[in-house]
Amino acid sequence: MNTTQAARLLQQFIPDATCMEVIPVGSGNINDTFYIKAQTSPNAMQHLILQRLNHHVFREPERVMDNWVQVTTHLAAQPHYPYAIPVPLNTVRKKWLHKDEAGNFWRMFPFFENTETPEGRADVYVAQEAARAYGAFARALQAFPAKNLAETLVGFHDTEQRWKVFEEVLQADVAGRVRQIQEEIGRLCATRSVTHQIAALKASGDLPLRVTHNDTKAGNVLLHRDTKKAVAVIDLDTVMPGTLLSDFGDMVRTFVPSTPEDAKERPQIRGDIYEALENAYLEETGGFLAAGERAYLPLGGLWMCAEQALRFLSDYAAGDVYYKIRSADHNLVRA
Ligand code: GN1
Ligand code: MG
């Protein structure tokens, strides 16, 4: 994206602003994200995020934004929620999305300055900060009726269904890669019992339906660059009704290993980080978790490792149709 293109999009949100700079940012696997520096008056600059929402994945972009706005409105009304809230800007037409001539959906947010995400480099302190932030997010949304949120990605954490799709993908083998991934398939099959256990737990009614973030990875919590204090939980695209086990689990998946999701080396599994996550998350959520949630929280970590490996391997076998990739074996490496 060049400044002329960015300027045209910026006009849709802040008509009198001049685009001074545009830089691609973030490591999202689905959407395209840019930092924009905008001059909004002779001596005022605004720092913004411009993002293209992937409408091939999110087939109903307006409902994604409706969930997002419901949740941020609720968070903003909580006097004790201590973090910054990613509230979208309105377009000049008073919408949350601008649809361009090519049919792409664009949105804009304030940019949180002097922040970073702790992908692949969390120490105990950082893990605590992040887990507290995700825990506080869940706590602040405790009284929000989950059924008011749209299920924007149907069956997102229905791992049994994802297994069915995986089996179909293996059967079809359109990319001709199945022979080469026999070892990975074998290892994935060893996680099948975790998935069955989760399915049984969901059916038992012991896991209350709650507002869940569903993308609680290390890339979606912003920390202050110097103090490493948590600043904001971001990326509310997947807020939906769900179980907190998966939110805790995706933290485990992305904080406990000593390397980022994309790393080729075999990661170390860090017990001290796991403990820090669990303790800090429970500080925020322990007061309201149901007995079933509390008892099976650790299973969430296994579940999310298994489910994400399944999703990545499935996409590799299907010929890389879902996630953005930056190398031919990217999905295999992630898996
Ligand atoms: C995707 O694009 P991003 O980074 O926000 C994916 C998540 C995965 C994640 C793995 C809608 O999230 O579910 O956990 O990649 N989002 C969607 O890094 O599928
Ligand atoms: Mg996301």
Side-chain angles (χ1 to χ4, degrees), residues 24-34 49-61 63-65 67-68 71-72 86 88 105 107 109 116-122 130 133-134 137 149-159 161-162 165-166 191 211-222 232-257 259-264 267 300-316 318 320-327 330-335:
V25 289
S27 55
N29 296 330
I30 307 284
N31 300 323
D32 301 318
T33 312
F34 304 89
I49 286 289
L50 173 69
Q51 197 172 47
R52 186 169 70 113
L53 183 69
N54 184 332
H55 62 278
H56 301 290
V57 168
F58 296 104
R59 306 304 278 265
E60 298 178 295
R63 297 184 88 193
V64 171
M65 294 314 288
N67 278 359
W68 189 305
V71 164
T72 52
F105 292 86
R107 59 189 178 182
F109 301 99
E116 62 184 16
T117 60
E119 280 172 299
R121 53 202 157 90
Y134 281 129
F137 180 89
L149 297 177
E151 198 181 351
T152 49
L153 296 171
V154 176
F156 192 58
H157 284 311
D158 184 345
T159 321
Q161 181 57 31
R162 288 189 182 278
V165 171
F166 182 55
T191 69
V211 177
T212 46
H213 180 285
N214 292 311
D215 200 3
T216 49
K217 59 182 191 177
N220 282 335
V221 57
L222 299 179
V233 167
I234 58 166
D235 185 1
L236 309 189
D237 281 340
T238 47
V239 282
M240 278 184 278
T243 158
L244 285 183
L245 262 58
S246 58
D247 274 6
F248 179 70
D250 219 36
M251 288 189 324
V252 173
R253 177 183 73 87
T254 55
F255 284 88
V256 171
T259 57
E261 180 177 275
D262 307 82
K264 287 198 176 175
L302 280 177
W303 174 28
M304 279 305 103
C305 290
E307 185 187 275
Q308 295 282 1
L310 171 68
R311 293 175 63 191
F312 288 137
L313 196 62
S314 202
D315 200 34
Y316 183 73
D320 308 313
V321 292
Y322 186 83
Y323 294 109
K324 287 199 258 180
I325 50 161
R326 285 175 288 275
S327 63
H330 203 156
N331 273 317
L332 182 60
V333 168
R334 289 164 171 153

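FYI, the numbering just counts along the sequence from 1. Remember, it's 1-based here, ligands and their atoms both numbered in the order they're listed.
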N or O pair under 3.5 Å between Ser27 and ligand 1: no

Arg311 near ligand 1 by a heavy-atom separation under 4.0 Å: yes

N/O donor-acceptor pair under 3.5 Å between Asn331 side chain and Asp320 backbone: no

Side chain, backbone, both or neither: the part of Lys217 lying under 4.0 Å from ligand 1 by heavy atom: side chain

Backbone or side-chain N or O of Phe312 under 3.5 Å from ligand 1 N or O: no

Numbering as shown, the atoms of ligand 1 that approach Tyr322 to under 4.0 Å (heavy-atom distance): 11 (C), 17 (C), 19 (O)

Under-4.0 Å salt bridge between Lys217 and Asp235: no

Donor-acceptor under 3.5 Å (Thr254 side chain, Ala218 main chain): yes

Structural part of Asn31 in contact with ligand 1, heavy atom criterion under 4.0 angstrom: neither

The Mg ion (ligand 2) to nearest N/O/S of Asp215 less than 2.8 Å: yes

Any N or O of Asn214 closer than 3.5 Å to N or O of ligand 1: no

Nearest atoms (heavy-atom pairs only) where Thr238 meets His213: OG1-O, 2.8 Å

Short side-chain to backbone donor-acceptor contact, Asn67 and Ala150, under 3.5 Å: yes

Whether Leu153 lies under 4.0 Å from ligand 1, heavy atom: yes

Atoms in ligand 1 with a heavy atom of Gln308 nearer than 4.0 Å: 8 (C), 14 (O)

Tyr323 and Phe312 aromatic ring geometry - parallel, tilted or perpendicular at 30°/60° bounds: tilted

Heavy-atom nearest neighbour of atom 12 (O) of ligand 1 within options Asn54, Asn29, Asp215: Asp215

Test item, Arg253 contacting ligand 1 (heavy atom, 4.0 angstrom): yes

